[in-house]
Amino acid sequence: MAPVPSFPVKVGHIDDVQELNKAKPITVPERFVRDMADRPKLTENITTSTGIPIIDLSKLMEGDRDERFSEVMQLQTACEEWGFFQVLNHGIDLNVLENMEKVAKDFFVLPLHEKQKYPMAPGTVQGYGQAFVFSENQKLDWCNMFALGVEPPCIRNPKLWPSNPANFREILEIYSREIRELCKILLKYIAASLGLKGDVFEEMFRVAVQAVRMNYYPPCSRPDLVLGLSPHSDGSALTVLQQGKDSSVGLQILKDQTWLPVQPIPNALVINIGDTLEVLTNGKYKSVEHRAVTHKEKDRLSIVTFYAPSYEIELGPMPELVDEKNPCRYRRYNHGEYSKHYVTNKLQGKRTLEFAKIQPNTSN
Ligand code: OGA
Ligand code: NI
């Protein structure tokens, strides 16, 4: 993850949003104020809709024949029509999730100078700070991030793994191991839902790359003016997002041109399809645009794992998913090249995936 960009990056001063929030300004600094068209509507998070699909992993793994079949069909619909789902009964010990949430929170509440021992260099995406900022006039997100490459060990930057909280590293190791297993299991069923052999992705991905990003969104006096995280799709194959307990509703996905909130379900994990699976499935499964909004009084924490193929591999649409009715929509490319392209461009909806499109500018 996070290669140092080969171009000079001048980002100017970036305010730390937790510090801004401590000062409780009534006005929000200009750099955080979004253009009219990009501002969230505060009514968006009040919804009566049923929300994104729910997949019960225990039914997929242990259900009887009919249950397994019906759950695989639901998984297929979730990936095709939503690109997002929440997974219940995922098999990960709740203590593991709680411990991770605790150390992440403990990290964010440290004094600024302590967190700044692990700085995210301008233009890179590992460490503490704001990622995806490349210029002085770019709008900023109301969010503090702490991101680390985890697997394989060669992508780690050990200097950025904090020694405070004392048990952070150990907890992150345990957490990452569990999430990695979950990703492998989910990819097996995703393959099945496409009518493919269960181990097709695991074989293709070789030693998968795994990175974690903790996003902390402090309250904001003007949630109507700012975004917690700019709209984007994820560059991963699969993303696993854990929402902190008692967090405000903040994650929104774009469905049929409308931003829909993802209502947190206790102990569930939010899963989404990343750009890599969109390409591999020739667009059958969608990497859906999403963003985060903030709350006037409540803070919010999310712990996000990105799971992707080895940088070494070449990929493109799988032949099984290309035919006369579904002509090939993406070119073949090296995954490391795509990752580099992704982390050296600002978050801008699904713009990054133009990299792979055979006909750029076709709407999606
Ligand atoms: C991300 C992401 C959303 C959230 O980190 O890629 O989409 O709710 N986060 O924090
Ligand atoms: Ni995302």
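From C220, atom SG reaches atom CG of L225 across 7.5 Å, with rounding to the nearest 0.5 Å. Separation of atoms CD1 (I92) and CG (N267) is listed at 11.5 Å; rounding is to 0.5 Å. With rounding to the nearest 0.5 angstrom, the CG atom of L238 is 10.0 Å from the OG1 atom of T276. From W161, atom CH2 reaches atom CG of L148 across 6.0 Å, with rounding to the nearest 0.5 Å. Note that CG of L321 and NZ of K284 are 7.0 Å apart. Values are rounded to the nearest 0.5 Å. One finds the CD atom of E278 at 12.0 Å from the CG atom of D234 (value rounded to the nearest 0.5 Å).
Grouping Ile, Leu, Val, Met, Phe, Trp and Tyr residues whose side-chain heavy atoms lie under 4.5 Å apart, directly or via other members, places L227 in a hydrophobic cluster with V293.
Checked by atom type, the side-chain pair S230/R34 shows a donor-acceptor distance below 3.5 Å. No hydrogens or angles considered: nothing links the side chains of Y175 and N99 as a donor-acceptor pair under 3.5 Å. Side-chain contact, D299 with Y216: a donor N or O sits under 3.5 Å from an acceptor N or O. Donor-acceptor pairing under 3.5 Å is recorded for the side chains of Y338 and D275. The closest side-chain donor-acceptor pair between Q126 and N157, if any, does not fall under 3.5 angstrom.
Checking side-chain atoms of N282 against main-chain N and O of P327 turns up a donor-acceptor pair under 3.5 Å. With hydrogens and angles ignored, the 3.5 Å screen pairs no side-chain donor or acceptor of K346 with any backbone N or O of F134. Between the side chain of T294 and the backbone N or O of P219 there is no donor-acceptor pair closer than 3.5 Å. A donor-acceptor contact shorter than 3.5 Å is absent between the side chain of R213 and the backbone of V125. Side chain of H290 to backbone of H232: a donor-acceptor contact under 3.5 angstrom is found. With hydrogens and angles ignored, the 3.5 Å screen pairs a side-chain donor or acceptor of Q242 with a backbone N or O of L97. A distance-only check finds a donor-acceptor pair linking the side chain of Q130 to the backbone of C143 [under 3.5 Å]. Distance alone, capped at 3.5 Å, is enough to place a donor-acceptor pair between the R331 side chain and the F355 backbone. A donor-acceptor pair is defined here as one N or O able to donate and one able to accept, closer than 3.5 Å; no such pair exists between the side chain of T258 and the backbone of L254.
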**Request:** Determine, stepwise, if the pair R177 / E173 fulfils salt bridge (Lys or Arg N to Asp or Glu O under 4.0 Å).
**Result:** CA-CA 6 Å; R177 220 177 302 138; E173 290 276 7; 5.1 Å; no
**Request:** Give the intermediate values and the outcome of salt bridge (Lys or Arg N to Asp or Glu O under 4.0 Å) for residues E19 and K22.
**Result:** CA-CA 5 Å; E19 300 303 310; K22 279 183 200 160; 3.1 Å; yes
**Message:** Using side chain to side chain contact (heavy atoms under 4.5 Å, CB included), reason through V240 and V304 one step at a time and then give a plain yes or no.
**Reply:** CA-CA 6 Å; V240 179; V304 186; over 6 Å; no
**Request:** Starting from the C-alpha separation in whole Å, work towards a yes-or-no answer on side chain to side chain contact (heavy atoms under 4.5 Å, CB included) for L20 and D16.
**Result:** CA-CA 6 Å; L20 282 179; D16 185 280; over 6 Å; no
**Request:** Show the numbers, then the answer: is there a salt bridge (Lys or Arg N to Asp or Glu O under 4.0 Å) between K325 and D323?
**Result:** CA-CA 5 Å; K325 275 205 236 126; D323 56 32; over 6 Å; no
**Prompt:** Are T239 and I271 close enough, and set up right, to give a side chain to side chain contact (heavy atoms under 4.5 Å, CB included), and what steps lead you there?
**Reply:** CA-CA 6 Å; T239 301; I271 312 293; over 6 Å; no
**Request:** Show your reasoning for whether salt bridge (Lys or Arg N to Asp or Glu O under 4.0 Å) applies to D64 and R68.
**Result:** CA-CA 6 Å; D64 60 31; R68 286 202 314 261; over 6 Å; no
**Asked** Yes or no on side-chain hydrogen bond (donor to acceptor under 3.5 Å, both in side chains) for Q243 and R300, after CA distance, side-chain angles and deciding distance?
**Response** CA-CA 8 Å; Q243 315 215 53; R300 180 164 176 270; 2.6 Å; yes
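Residue Y307 is tested with V150, I179, L187 for a side-chain contact (heavy atoms from CB on, under 4.5 Å); the sole match is L187.
Residue pairs meeting the side-chain hydrogen bond (donor to acceptor under 3.5 Å, both in side chains) criterion with at least one partner in residues 183-206, sequence neighbours excluded, are S193-Y285. For residues 304-316, no pair satisfies salt bridge (charged side-chain N to carboxylate O under 4.0 Å, His left out), with sequence neighbours left out. Each salt bridge (charged side-chain N to carboxylate O under 4.0 Å, His left out) pair with one or both residues in residues 240-268, not counting sequence neighbours, appears once here: E98-K245.
Closest non-hydrogen pair, E114 versus Y118, comes out as O-CE1, 3.6 Å. Across every non-hydrogen atom of K350 and S287, the tightest pair is NZ-O, 2.7 Å. Here the shortest heavy-atom pairing between Q18 and N144 reads OE1-ND2, 2.8 Å. Scanning all heavy atoms of the two residues, the minimum distance from L110 to P165 falls at CD1-CD, 4.4 Å. V207 approaches P152 most closely through the heavy-atom pair CG1-CB, 4.0 Å. Taking each heavy atom of L94 and H90 in turn, the nearest pair found is CD2-CE1, 4.4 Å.
Looking at heavy atoms from C-beta onward, F107 lies in side-chain contact with K115 at the 4.5 angstrom threshold. Taking the side chain as every heavy atom from C-beta outward, S176 and Q210 approach each other to under 4.5 Å. Side-chain contact between E80 and Q76: present, with at least one pair of heavy atoms (C-beta onward) separated by less than 4.5 Å. Counting heavy atoms from C-beta on, the side chains of V226 and R39 never come closer than 4.5 Å. In this structure, the side chains of V17 and Y217 stay at 4.5 Å or more apart for every pair of heavy atoms. Residues I303 and E101 form a side-chain contact, since some pair of their non-hydrogen atoms from C-beta on lies under 4.5 Å apart. Using a 4.5 Å heavy-atom threshold, the side chains of N164 and P162 count as separate. V209 has its side chain out of reach of P309: every pair of non-hydrogen atoms, C-beta onward, lies at least 4.5 Å apart.
Other residues, nucleotides and ligands place more than 12 heavy atoms under 6.0 Å from the CD atom of Q348. Counting non-hydrogen atoms of other residues, nucleotides and ligands closer than 6.0 Å to CZ of R351 gives a total of 12 or fewer.
The aromatic rings of Y128 and F108 are tilted relative to each other, their planes meeting at an angle between 30° and 60°. Y342 and F132 have perpendicular rings, their planes meeting at more than 60° on a 0 to 90° scale where under 30° would count as parallel.
Under the ring pair (Phe, Tyr, Trp, His ring centres under 6.0 Å) criterion, F69 pairs with no residue, sequence neighbours left out. Looking at residues two or more places apart in sequence or on another chain, you find a side chain to side chain contact (heavy atoms under 4.5 Å, CB included) between S58 and D56, E62, N89.
Cation-pi check for R222 over F32 is not met; the charged atom does not lie both under 6.0 angstrom from the ring centroid and within 45 degrees of its normal.
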